[in-house]
Amino acid sequence: MQEKYFAAANSAGGFVSWFDEIFSPDNIDRIYIIKGGSGTGKSTLMKRIAARGVELGCTCEYFYCSSDPYSLDGIILRGGKGMKYDSIAVIDGTAPHTRDPKLPGAAEEIVNLGEFWHTDALREHRGEIAKLCSAKSALFSQAYEYLFAAGELDRLLRQDAARFVLREKLESAVERLLTQFARSVHFSPNSKRREPIATTRPVSAISTSGLVSYDTYRELPGKIYAVADLMGSAPFLFDALIDTAKQMGLDTQRAPMPLDPKLSEALYLPELGLSIVNTPSLDESSCEFEKIINMARFIDRDSLEASDRQRRRMLSKCSRELLDGALAKLDEVKRIHADVEKIYIAAMDFEAVDSYAKGLIERIF
């Protein structure tokens, strides 16, 4: 399988990055930070390095750009018979997730693709580049205004849902579920001598290509449980799952929601071999999953009045319209970004980039 994730999000609170957490020299032996403008070949270089690593038996995590899901922001390679390090990362170190070495030389090094562009050619287009970048920045700002408003409405929907969620019933069900599953795979809670590890691996993005979501959590080793949720109450379930897993000493891998990254839309418990994914419109008769957790079980329907339902429909409709407004602005960003790329592509010496890439791959493997 190809483990596809994001490392950042366009959210209601603006641009959110997990680069420092995901690509930390604390848990990766060697990190290559690529510098260069749009269209200089950063993503292509990462794909070449990833392909060579996979050829040699490495596992690879692919991290795509949350604005342009067809472009890579980073890769992490581990294992393999031909790599000089146990683990390496190659990342895009340019804005908006600007990254400079924290342990220069010792753990990280700069890969400067700016060495291979014709500065004179770019200087001729300086005014055009500045104008395009300014327009792009303005569109992102407008998109974030829409996302902020959509996020406020979603927050109101969750506040409403909190009034109807049967918390004690939900938490008891979560504890039973994880305890029984742990017993079935012979995991002894709190048996480890270290703190459980919590990692972040987003799989959804609000991008210039629309709403994009990868099926990675459905493809991870083990069983898959699905959450059927029509009221937006799934975040309460995931919070309970994460808290209970931590108490049991279980490692967790969490997928944040792109609009509000504090909330979760999927969870993987590697020691149990269990993925839990939110599938709002799921039919309970689906046979794709090992088990379906129907959130309707944890809703106090007696306290849910007709006026509440009407309010929720109105808030949901307005939130969707605001999200559509953000996506329309991001679609304009895509067209402007393509124009910027054309300028840089025309100014690049890609033969020199190719030669440099071959030398870098030899150094890595």
Side-chain angles (χ1 to χ4, degrees), residues 1-7 18 21-24 27-29 50-51 53-64 72 74-83 85-89 174-205 212-228 234 237-238 240-257 264-279 282 286-293:
M1 65 163 288
Q2 188 182 79
E3 290 190 43
K4 297 169 69 173
Y5 302 107
F6 296 100
W18 291 278
E21 173 189 336
I22 293 171
F23 305 109
S24 170
N27 49 46
I28 299 174
D29 294 322
V54 170
E55 276 180 13
L56 295 171
C58 298
T59 62
C60 185
E61 292 178 282
Y62 300 81
F63 296 86
Y64 286 84
L72 276 174
I75 59 170
I76 298 176
L77 290 165
R78 301 184 193 275
K81 58 188 177 183
M83 212 159 64
Y85 305 95
D86 289 334
S87 59
I88 71 148
V174 164
E175 186 175 354
R176 284 196 307 274
L177 186 153
L178 293 190
T179 300
Q180 291 170 3
F181 209 97
R183 192 178 298 127
S184 72
V185 297
H186 309 293
F187 176 86
S188 178
N190 303 309
S191 61
K192 295 182 295 192
R193 295 183 180 179
R194 60 167 174 80
E195 284 292 310
I197 299 170
T199 56
T200 304
R201 291 293 187 274
V203 286
S204 296
V212 177
S213 188
Y214 300 135
D215 288 334
T216 306
Y217 281 75
R218 300 189 187 193
E219 298 171 357
L220 292 170
K223 296 183 177 179
I224 312 164
Y225 283 14
V227 181
L237 173 72
F238 283 107
L241 285 164
I242 291 167
D243 288 344
T244 303
K246 184 176 180 180
Q247 292 168 17
M248 294 174 65
L250 289 163
D251 294 343
T252 56
Q253 177 178 307
R254 180 183 82 94
M257 287 185 170
S264 306
E265 64 175 0
L267 184 69
Y268 181 54
L269 304 170
E271 290 146 319
L272 302 187
L274 174 62
S275 291
I276 303 168
V277 296
N278 187 22
T279 50
L282 180 69
S286 173
C287 58
E288 179 186 352
F289 304 100
E290 185 76 18
K291 180 182 177 69
I292 295 173
I293 303 171

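Within the model, atoms OG of Ser275 and CD1 of Ile224 stand 6.0 Å from one another, a figure rounded to the nearest 0.5 Å. Here Phe6 contributes atom CZ and Thr216 contributes atom OG1; the two are 9.0 Å apart, rounded to the nearest 0.5 Å. Residue Lys223 holds its NZ atom at 6.0 Å from OG of Ser184, rounded to the nearest 0.5 Å. Atom OH in Tyr268 sits 9.0 Å away from atom CG in Leu274 (nearest 0.5 Å). Note that OG1 of Thr279 is 9.5 Å distant from CD1 of Ile293, once rounded to the nearest 0.5 Å.
Of all heavy-atom pairs between Ser204 and Glu265, the closest is OG-OE2, 2.6 Å. The nearest pair of heavy atoms linking Asn27 to Glu21 is ND2-O, 4.4 Å. Nearest approach of Leu77 to Met83, heavy atoms of both residues: O-CE, 3.6 Å. The shortest non-hydrogen separation linking Val54 to Cys60 is CG2-CB, 4.1 Å. Scanning both residues, Phe23 and Ile76, for their nearest heavy atoms gives CE2-CG1, 3.7 Å. Between Ala50 and Tyr62 the shortest heavy-atom distance is CB-CE2, 3.7 Å.
By the 4.5 Å heavy-atom criterion applied to side chains, Phe238 and Val227 are counted as neighbours. With a 4.5 Å cut-off on side-chain heavy atoms, Ile28 and Tyr85 do not count as touching. Residues Tyr214 and Pro202 are not in side-chain contact: their nearest non-hydrogen atoms beyond the backbone lie 4.5 Å or more apart. Proximity of Thr244 to Leu250: side-chain heavy atoms (C-beta onward) are nowhere separated by under 4.5 Å.
Side-chain N or O atoms of Tyr64 include none that pairs as donor or acceptor with a backbone N or O of Gly74 at under 3.5 Å. Judged by distance alone, the side chain of Asp29 and the main-chain N or O of Ile88 form no donor-acceptor pair under 3.5 Å.
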Go through the steps to decide whether Phe63 and Trp18 satisfy the test side chain to side chain contact (heavy atoms under 4.5 Å, CB included), and finish with yes or no.
-> CA-CA 11 Å; Phe63 296 86; Trp18 291 278; over 6 Å; no
Given the rule in the side chain to side chain contact (heavy atoms under 4.5 Å, CB included) test, do Glu271 and Val185 qualify, once you have shown the distances and angles that lead to the verdict?
-> CA-CA 9 Å; Glu271 290 146 319; Val185 297; over 6 Å; no
Decide yes or no on side chain to side chain contact (heavy atoms under 4.5 Å, CB included) for Phe289 and Arg218, but give the supporting numbers first.
-> CA-CA 9 Å; Phe289 304 100; Arg218 300 189 187 193; 3.6 Å; yes
Verify side chain to side chain contact (heavy atoms under 4.5 Å, CB included) between Lys246 and Thr252, making sure each step is shown before the conclusion.
-> CA-CA 8 Å; Lys246 184 176 180 180; Thr252 56; over 6 Å; no
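A side chain to side chain contact (heavy atoms under 4.5 Å, CB included) with Val174 holds for exactly one of Ile276, Leu241, Thr179, Ile242; it is Leu241. Considering Glu61, Glu3, Gln253 as possible partners of Arg201, the one that fulfils the side chain to side chain donor-acceptor pair (under 3.5 Å) test is Glu61.
A salt bridge links Asp251 and Arg194; the closest N-O separation between the charged side-chain nitrogens and carboxylate oxygens is under 4.0 Å.
A donor atom on one side chain and an acceptor atom on the other are not found under 3.5 Å apart for Arg254 and Thr200.
Aromatic ring orientation, Tyr5 versus Tyr217: perpendicular (interplanar angle above 60°, classes split at 30° and 60°).
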